[in-house]
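Before any comments, here is the structure.
Atoms considered below: every heavy atom in the structure, side chains included; atoms not considered: hydrogens, waters and symmetry mates. Each chain gets a letter, A, B and so on, in the order its sequence line appears, and its residues count up from 1. In this text the structure is predicted, and so the values were computed from the model without any measurement.
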Amino acid sequence: MPELPEVETVKNELLPYVIRRQVTGLNLIWKGIAHQPPAAEFCSRLIGQTIKGITRRGKYLLFSLTGEEVLIIHLRMTGSLIVGHNSTEPPQYTRAIIHLDNNTNIFFRDPRKFGLMRLVKDENTIIGKLGPEPLDASFTPEILSQRLARRTAPIKALLCDQHLIAGIGNMYADETLFSAKINPLRSGGSLSSREISHLHQSIQKILRLAIINKGASVENYYRPDGTLGTAHFEFQVAHRLSGKSCPICGTNIERITVRNRGTYFCPHCQPEI
DNA sequence: CCCGGAACCTGAAGGC
DNA sequence: TGCCTTCAGGTTCCGG
């Protein structure tokens with residue numbers, strides 16, 4: 001699942017192929033992937049524009065274009081952007097192909113059709129309400145503390161809330177809470193300042209390590225060159241089946257459901273209350 | 001505003 | 001062998 005470290009990796013590794021390249025064609029194999037505007041208008045507005053750069057905000061990729069428009073791509077759960085040559089056979093489940101003027105194709109592969117593209121004038125209509133970037137210097141323990149204050153929802157759900165903090169999803173929320181030794185069902189407002197400080201440190205440590213490892217390939221995530229990331233080899237609890245043992249204490253990892261999402265934790269290292 | 005649950009979607013995996 | 005059910009989760013919507 002592409003979360004912040006995976007999207008960051010895609011941004012970094014895709015950039016050299018697309019920067020200052022002109023879009024010469026767009027093949028919408030599955031029209032629904034063009035979410036806004038509709039397919040025909042999407043093509044006419046994108047083709048001919050030159051890509052000035054790529055930035056990331058939360059899990060969103062923002063391609064700045066000449067013509068003062070922004071192409072926003074969200075990979076959701078199973079999306080990948082894979083680079084190929086004009087003559088390359090599209091990977092299975094390719095939903096769109098962006099043709100560039102250097103004989104390069106960008107294949108938007110997405111088995112489950114959750115991913116989407118938008119073309120907008122003002123990116124803030126899409127990303128304006130996102131929470132802080134967890135790796136920015138401005139994201140401090142005090143900011144995290146303010147945002148968790150008086151919240152009664154489970155901390156696991158709050159970490160996955162993009163309006164509270166941007167970029168964390170199911171697997172990194174589990175890894176972060178294990179690292180901070182906090183039970184996923186604790187309410188946000190119940191955390192002590194010491195626990196919040198530890199959580200803040202864990203968020204940055206886990207995300208930075210995953211970026212160094214080029215993201216986690218637990219399901220359908222590929223890097224732009226088609227290879228896999230290695231961050232999942234560092235996982236302590238995420239995506240472990242119930243019954244596997246905690247790497248710290250040996251207790252069996254438990255699986256519970258929080259907000260309809262599979263949640264893995266160690267009941268000994270992350271006790272209730 | 002806050003919280004929790006369902007819907008969207010389709011391939012993989014497990015049960016019988 | 002094959003059909004059926006369940007599971008996976010980022011985001012959005014809806015009801016309380």
Side-chain angles (χ1 to χ4, degrees), chain A residues 1-11 28-36 56-62 72-81 91-96 108-118 120 123-131 133-134 146-177 184-191 207 210 215-222 229 231-232 235 237-243 253-265:
Chain A
M1 321 297 153
E3 301 178 26
L4 187 152
E6 290 73 31
V7 180
E8 178 71 13
T9 301
V10 171
K11 181 206 72 176
L28 295 175
I29 296 166
W30 178 64
K31 287 187 168 40
I33 201 162
H35 191 256
Q36 175 195 357
R56 179 193 59 73
R57 179 76 172 92
K59 303 172 190 170
Y60 291 86
L61 286 167
L62 310 169
I72 301 183
I73 293 183
H74 199 299
L75 301 172
R76 292 281 180 96
M77 286 152 46
T78 57
S80 299
L81 296 176
Q92 194 181 12
Y93 310 121
T94 294
R95 308 302 182 189
F108 194 158
R109 176 188 190 272
D110 186 18
R112 300 212 5 223
K113 297 183 174 176
F114 274 96
L116 47 88
M117 302 193 287
R118 291 187 175 98
V120 299
E123 64 196 37
N124 282 321
T125 58
I126 307 300
I127 62 168
K129 290 180 178 169
L130 290 177
E133 278 293 320
Q146 284 169 19
R147 301 184 78 87
L148 293 177
R150 292 173 296 282
R151 298 292 296 260
T152 61
I155 184 63
K156 165 70 186 278
L158 295 172
L159 285 178
C160 294
D161 180 349
Q162 303 303 297
H163 300 295
L164 193 136
I165 178 172
I168 298 175
N170 203 44
M171 59 190 181
Y172 290 109
D174 283 359
E175 286 302 302
T176 293
L177 289 170
L185 290 176
R186 291 277 303 281
S187 68
S190 75
L191 301 185
L207 294 179
S217 291
V218 293
E219 203 158 306
N220 282 281
Y221 163 73
Y222 294 95
H232 50 294
F235 284 176
V237 293
H239 288 263
R240 291 210 168 197
L241 297 175
S242 312
I253 298 299
E254 268 186 35
R255 181 192 182 277
I256 59 174
T257 298
V258 180
R259 282 290 293 260
N260 277 333
R261 296 293 175 253
T263 298
Y264 297 86
F265 72 106

Exercise for review: May I ask you to evaluate whether A:Q162 reaches the phosphate of C:dT11, defined as a side-chain N or O under 4.0 Å from OP1 or OP2?
Suggested key: yes

Check your understanding: Atom CZ of A:R259 and atom C1' of B:dC3: how far apart are they, to the nearest Å?
Key -> 6 Å

Point to revise | C:dA8 phosphate, OP1 or OP2, under 4.0 Å from A:R255 side-chain N/O | key: yes

Check your understanding: How would you label the contact of A:T78 with the nucleic acid (heavy atoms, under 4.0 Å): base, sugar-phosphate, or nothing?
Key -> nothing

Practice item. Answer yes when A:E3 and A:K59 have at least one side-chain N-carboxylate O distance shorter than 4.0 Å, and no when they do not. Key: no

Practice item. Scan A:N170 against the nucleic acid and name what it touches under 4.0 Å (heavy atoms): base, sugar-phosphate only, or nothing. Key: sugar-phosphate

Study note, to complete from the structure: d(A:R95 CZ, A:L116 CG) to nearest 0.5 Å is 13.5 Å

Point to revise | d(CE, A:M171; C1', C:dA8) in whole Å | key: 12 Å

Review point. Within this structure, what is the CG-to-C1' distance between A:L116 and B:dC8, rounded to whole angstrom?
Key: 11 Å

Check your understanding: Within this structure, what is the CG-to-C1' distance between A:L4 and C:dG10, rounded to whole angstrom?
Key -> 14 Å

Revision key, fill the gap. One should read off an interatomic distance between A:L62 CG and A:H74 NE2, to the nearest 0.5 angstrom, of 10.5 Å

Study note, to complete from the structure: Side-chain atoms of A:R118 come closest, of C:dT12, C:dC7, B:dC9, to C:dT12

Review point. With a 3.5 Å cut-off and no angle check, do the side chains of A:E6 and A:Y172 form a donor-acceptor pair?
Key: yes

Check your understanding: Just how far, in rounded Å, is P of B:dC3 from CG of A:N260?
Key -> 16 Å

**Study point:** Residue whose nearest DNA chain C nucleotide is more 5′ - A:I126 or A:F114
**Key:** A:F114

Review point. Checking only heavy atoms, does the side chain of A:R112 share a donor-acceptor pair with the base of B:dG11 at less than 3.5 Å?
Key: no

Check your understanding: Is the shortest side-chain N/O distance from A:H74 to OP1 or OP2 of C:dT11 below 4.0 Å?
Key -> yes

Point to revise | From B:dC9, C:dG9, C:dG10, nucleotide with atom closest to A:K113 side chain | key: B:dC9

Exercise for review: Report yes or no: do A:K129 and A:N124 form a side-chain donor-acceptor pair below 3.5 Å?
Suggested key: no

Exercise for review: Return the value, rounded to whole Å, for the distance between atom OH of A:Y60 and atom C1' of C:dT12.
Suggested key: 10 Å

Review point. Do A:R261 side-chain and C:dA8 base share a donor-acceptor contact under 3.5 Å?
Key: no

Exercise for review: Could you state the atom-to-atom distance from CG of A:L75 to P of B:dC8 in whole Å?
Suggested key: 23 Å

Practice item. Take the protein atom CE of A:M77 and the nucleotide atom C1' of C:dA8, then report the distance between them rounded to whole Å. Key: 6 Å

